[in-house]
S.K.: 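Attaching a single structure in structure tokens format; questions to follow.
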Protein chains: 2
Amino acid sequence: MSRTPLHPTREQIELPMVLDCLSDPIRLAIVYQLAQQERVSSELRCGDFNGLSGKSNLAYHFAKLRECGLMLTRVAGTNRFMRLRREDLEARFPGLLDAVLSSAAKDADRLQLVSECDVVEGG
Amino acid sequence: MSRTPLHPTREQIELPMVLDCLSDPIRLAIVYQLAQQERVSSELRCGDFNGLSGKSNLAYHFAKLRECGLMLTRVAGTNRFMRLRREDLEARFPGLLDAVLSSAAKDADRLQLVSECDVVEGG
DNA sequence: TCCCTAGTTCAATGTTTATTGAACTATCAA
DNA sequence: TTGATAGTTCAATAAACATTGAACTAGGGA
């Protein structure tokens, strides 16, 4: 278990990989939940997503989200804290993340996304 | 060969399918080229994309783009004319298509997209 | 020290995907 | 009716993908 997983640099973030990453319902739900959480604190632990799938499957999706540059993982003890790479994404693809997030919000029911009041306070 | 292929209704257009469709470099190039063409005429023939891949592979990608609601195919003689479903997409996911298109434009070189001056005049 | 918790890694599985070429359908023009 | 053109459909293939459970690693607390 290496100390900090590899992340692509801002310039290495590629549009097709980002779109592909966001096209999976579980990963979209993770990104959506991270975005909701930004209003309270910027980070969430892996365990906060346990409702979405099993541990090992989530680890697989977390890795994908890291590799494509959508989120960043910080190791602290036995926990991993993750947050959206908002600034990098905005610099590379202005308006894209917000367009996807508001599109997802419109279909929150259909996509079975966490509702606003489900956001963990003080996470 | 049925007269007019099936297209989803506006309400049937799903975000994950749209993002997945746009995540393939060939399909992104098709959509980008259709968007460029909108300034001149709204439609292009299948053959206008022959530079991107072989005929049967293109037909496969065209079907995907139709099925996810990104474009519309109209049959006229031996030709099929295709255009973006701009209004439907804007209604379902406001700002999404333009955000993807401008992101793609920023990376046009990297994505090997057709440049503006390559657009077929009066197609 | 021992165990619990948090999360990753690995191997196996079945599914979906992109790509190719060949066969096919349909329209148009000579 | 013959031939050319435009595009789809089919079958086959190899690669990528999502999912599962078991094994593993590391940190923190009793």
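Throughout, a chain's letter reflects where its sequence line sits, starting with A, and its residues are numbered from 1. Just the heavy atoms: all of them, side chains too, but no hydrogens, waters or symmetry mates, feed the values below.
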S.K.: I want to confirm an ordering. Mapping F62(A) and Y60(B) to their closest nucleotides on DNA chain C, which one lands closer to the 5' end?
M.R.: F62(A)
S.K.: Could you check whether E11(B) pairs with R110(A) (Lys NZ or Arg NE/NH1/NH2 to Asp/Glu carboxylate O, under 4.0 Å)?
M.R.: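 So E11(B) pairs with R110(A) through a salt bridge.
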S.K.: Could you check how far CG of L19(B) sits from C1' of dC17(D), rounded to whole Å?
M.R.: 17 Å
S.K.: Could you check whether L58(B) gets within reach of a base, just the sugar-phosphate, or nothing at all, counting any heavy atom under 4.0 Å?
M.R.: nothing
S.K.: From C-beta outward on S53(A), which listed nucleotide comes closest to its side chain: dG7(D), dT20(D), dG7(C)?
M.R.: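 Closest nucleotide among those given: dT20(D).
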S.K.: Which whole-number value in Å describes the distance from K55(B) NZ to dG7(D) P?
M.R.: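 Roughly 8 Å, once rounded to whole Å.
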S.K.: Roughly, in whole Å, what's the span from CZ in R45(A) to C1' in dT5(C)?
M.R.: 10 Å
S.K.: Got a donor-acceptor contact below 3.5 angstrom from the H7(A) side chain to the G69(A) backbone?
M.R.: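 Checking the backbone N and O of G69(A) against the side chain of H7(A), no donor-acceptor pair under 3.5 Å is found.
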S.K.: Here's a test of your reading of the structure: between D20(B) and T78(B), which maps to the more 5' nucleotide of DNA chain C?
M.R.: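 It is D20(B), whose closest nucleotide lies nearer the 5' terminus.
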S.K.: So, E38(B) and R83(B), do they make that salt bridge, N to O below 4.0 Å?
M.R.: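 No, no charged N to carboxylate O under 4.0 Å.
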S.K.: L44(A) CG to dA6(C) P: how many Å, rounded?
M.R.: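 Going from CG in L44(A) over to P in dA6(C) covers 15 Å.
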S.K.: Strictly below 4.0 Å, N to O, side chains only: are K64(A) and D24(A) in salt-bridge contact?
M.R.: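 A salt bridge is absent here (no side-chain N lies under 4.0 Å from a carboxylate O).
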S.K.: From dA18(C), dG7(C), dT9(D), pick the nucleotide closest to the side chain of D24(B)?
M.R.: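 For the D24(B) side chain, the nearest candidate turns out to be dA18(C).
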S.K.: Check whether any side-chain N or O of K64(B) sits under 4.0 Å from OP1 or OP2 of dT17(C), and answer yes or no.
M.R.: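 Result: yes.
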S.K.: Taking CG from N57(B) and P from dA18(C), how many angstroms apart are they, rounded to a whole number?
M.R.: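 N57(B) atom CG is separated from dA18(C) atom P by 9 Å.
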S.K.: Within the structure shown, what part of the strands sits under 4.0 Å from G47(A) by heavy-atom distance: base, sugar-phosphate, or nothing?
M.R.: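 Touches sugar-phosphate only.
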S.K.: So does R80(A) pair up with E43(A), basic N to acidic O under 4.0 Å?
M.R.: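 Salt bridge: no.
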S.K.: Are any of R80(B)'s side-chain N or O atoms less than 4.0 Å away from OP1 or OP2 of dA26(C)?
M.R.: no
S.K.: Tell me which nucleotide among dA6(D), dT8(C), dA18(D) gets nearest to the side chain of H61(A).
M.R.: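 When the side chain of H61(A) is considered, dA18(D) is the closest of dA6(D), dT8(C), dA18(D).
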S.K.: Assign each of S56(A) and S56(B) to its nearest nucleotide of DNA chain D by heavy atoms, then name whichever residue's nucleotide is nearer the 5' end.
M.R.: S56(B)
S.K.: What is the separation between atom CZ on R66(A) and atom C1' on dG7(C), rounded to the nearest whole Å?
M.R.: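 Interatomic distance, CZ of R66(A) to C1' of dG7(C): 10 Å.
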S.K.: Taking atom C1' of dA18(D) as reference, at what distance in whole Å does atom CD1 of I30(A) sit?
M.R.: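 Atom CD1 in I30(A) sits about 13 Å away from atom C1' in dA18(D).
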S.K.: Just the rounded figure in Å: distance from P of dG7(D) to CG of N79(B).
M.R.: 5 Å
